[in-house]
Amino acid sequence: MRKILCVAEKPSIAKAVANHLAGAHVPARSVTGSTYTKNYEFDYNFGPPWNQCRVVFTSVAGHLTVTDFDPKYKNWRAFPATELFEARIDVFVKDDNKPIERNIEQEARGAFALFIWTDCDREGEHIGMEVRNAARKTNANIQVKRAIFSNIERAHIIEASRRFHELDEKQAAAVETRNELDLRIGAAFTRFLTLSLQKVSPKLEDRPVISYGSCQFPTLGFVVDRYWKVRNFTPEPFWKIAVMHQKQGMDVRFTWKRGHLFDRMTVVILFERCLAAKHARVSKVTKKPTRKYRPLPLTTVELQKNGTRFLRLDSKRVMTVAESLYNKGWISYPRTETDQFDKATNLRPFIEKQAQSTQWGQYAQGLLDGGFQFPRSGRNNDKAHPPIHPVNFVFPNTLASDDERRVYEFIVRRFLACCSADALGESTTIDLTYGPERFATSGLTVLEKNYLDVYPYERWESSAQLPPFAEGETFVPTEANIVDGKTTAPDYLTEPELIELMDRNGIGTDATMAEHISKVKEREYIRAVARSGAGAGEGEEEGQGNVGRGARGSRGGRGGRGGRGGRGSSAGRGGGRGGLDQLVPTQLGVALIDWYESLNLDKNVAKPFLRKDLEVQLKAICDGAKTKTQVVQTEVEVYREIYARQSQQVALLKAVCSPMWLSDRDARLQY
DNA sequence: GCAAGGTC
């Protein structure tokens, strides 16, 4: 029988696909020298033209090769850093990956075909090419095909095994391009910064390198940007009209439709007109059903945002813990952009497993007994992995750490919440006309909590009851006055906000964003500090009481409580639950960003534009509009110019950075 | 001693 070699991107996929194809459990054969990769052997009929084959299914563990400069460039002072823009680059297999490469070389020998099962994304295409190169070392004529699959459902995998595609060289070339540019630019700029600043003070000898990276700098830029917004903020006074009416022993506070105005005289005039009217009139009473949507299936970015918000872990920690849960088989693959479950997926088995929990088992059973609703679909699908979900039940107290227990619990609850019904309620809005002005108040009655019963991370509660009002009813308000206040500075960035910004601006990937944040902390560009004082306002602060009471009905997932009418900063931002750490730049971080800004470059390295430009160029490579050589050349030219510009301003760089070296190393900025 | 991207 003819032999075929199949290779997946990671061991878990090799195992899953092998078992699906074989239709039974296939024993794993270990690979000498490699802890994680295994070989699976079985017979399988691929259909024409391959038909019945002897299959060896194995995997790599991500990229096989790394890219680095010719070793002669190891010495930072032996060559000018600009030489790194053109220095020879080697692509080679690192020692840890040698056993994996050797396994492929060995198994390719005697195989007539290589069938590649890497993830269907750009990196996956590149990994496929690395695998092909390894196989060709021992079998130059091996036929190479690629499988295209977007999940590991049995039927889908069987389908995929019968269609043979070509590796996409263009996508692989785009990855090589990113690799080369990030290396050349990152290394050249890092050496420039580190060496320029080293002579500024003897204190520098024990400093970490002052690194530059195409993701590190925009990440730092976001933090510094917010820092200046906070520092440069000047409060503005405002005024507004507040109306309160007592009815059936209840205080009902009506808020002004205009919100607030920054001109006191105008408010006084409008207020006098209200008073002159004496009577306020109920113009409309609206009662309508409202709902709070259950969450979407969980992506990596959401896991990181929610983990930092609800569990108070930093995103790097969340990912480390999630990877460990994945490796032990408790949860599905934790790196995914997909927020929709394939309609063909049977989710019941995963819910059944959770029914034995003492904490949420009863709830899970309720879903099985009829409460189940297939999850909503978000807009993202990476065509490689399903949303993050629990695959097996584990008693939380048997997990290794408290963090593992909490992350696991979150993933399970999130999954059960996804499979539940929306929370339902009824909202009442009372519109009021008072003289020329309009006011309103609203109340919420939660009727069915549904998913909220298993998802304590979100709140949606009934407001205090409103007394009945009838349309057309008039009354003289118990109290009406002008309330003054002033706008307050925004808060420093929090980690979930930073992740959101990075995600929106394409800085890093779902799997690397947490690492970039961790890296700029390690470089002492930013630090996380505990929030000081009791929760700051959300952009306004009032002089008198808390105007505007109670909850308002909410559509689309935003928490309902205390809708202050302003920015929709969602649950967990302060919220009276301790407050998240704030990300603040260090003196060094601010100095670097401000200095780059002062260079007046066409495109600032501290902004996401350059990274976005690169993404556009990479897309052009994938579409065949440009070649790797062209893109590397034009990009390198851009950075050569920036390099030249920054070289002229070394004196200024030293100047803006020196005070901090000369003063106490741990000198802090004023926050 | 440099980057960012995979994966364990």
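So that the names make sense, note that chain A is the first sequence line, chain B the second, and so on, each numbered from 1.
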Please classify the nucleic acid contact of [X] as base, sugar-phosphate, or nothing, using heavy-atom distances under 4.0 Å.
| X | answer |
| --- | --- |
| A:His516 | sugar-phosphate |
| A:Glu9 | sugar-phosphate |
| A:Tyr212 | sugar-phosphate |
| A:Gly508 | sugar-phosphate |
| A:Arg77 | nothing |
| A:Asn179 | base |
| A:Tyr326 | sugar-phosphate |
| A:Arg335 | base |
| A:Tyr333 | sugar-phosphate |

For this session: Starting from the 5' end of DNA chain B, give me the residue, A:Ala61 or A:Thr67, whose nearest nucleotide shows up first.
Result: A:Thr67
For this session: Using heavy atoms to find the nearest nucleotide of DNA chain B for A:Asp68 and A:Ala511 separately, return the residue whose nucleotide is more 5′.
Result: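 Its nearest nucleotide being more 5', the pick is A:Asp68.
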Problem set entry | Nearest-0.5 Å distance that lies between atom CD1 in A:Ile388 and atom OH in A:Tyr326 | 11.5 Å
For this session: Among B:dA4, B:dG5, B:dG1, find the nucleotide with the atom closest to the side chain of A:Asp182.
Result: B:dA4
Problem set entry | Nearest-Å distance for atom pair OH/C1', residues A:Tyr639 and B:dC2 |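 Rounding to the nearest Å, OH of A:Tyr639 and C1' of B:dC2 are 15 Å apart.
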For this session: Nearest whole angstrom, please: distance from the P of B:dA3 to the CZ of A:Phe217.
Result: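 Whole-Å distance recorded here is 11 Å.
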Problem set entry | Polar side chain donor-acceptor pair, A:Ser401 to A:Arg406, under 3.5 angstrom | no
For this session: Answer with yes or no after comparing the ring centroid distance for A:Tyr639 and A:Phe85 against a 6.0 Å cut-off, counting only values under it.
Result: no
Problem set entry | A:Phe217 and A:Tyr525 aromatic ring geometry - parallel, tilted or perpendicular at 30°/60° bounds | perpendicular
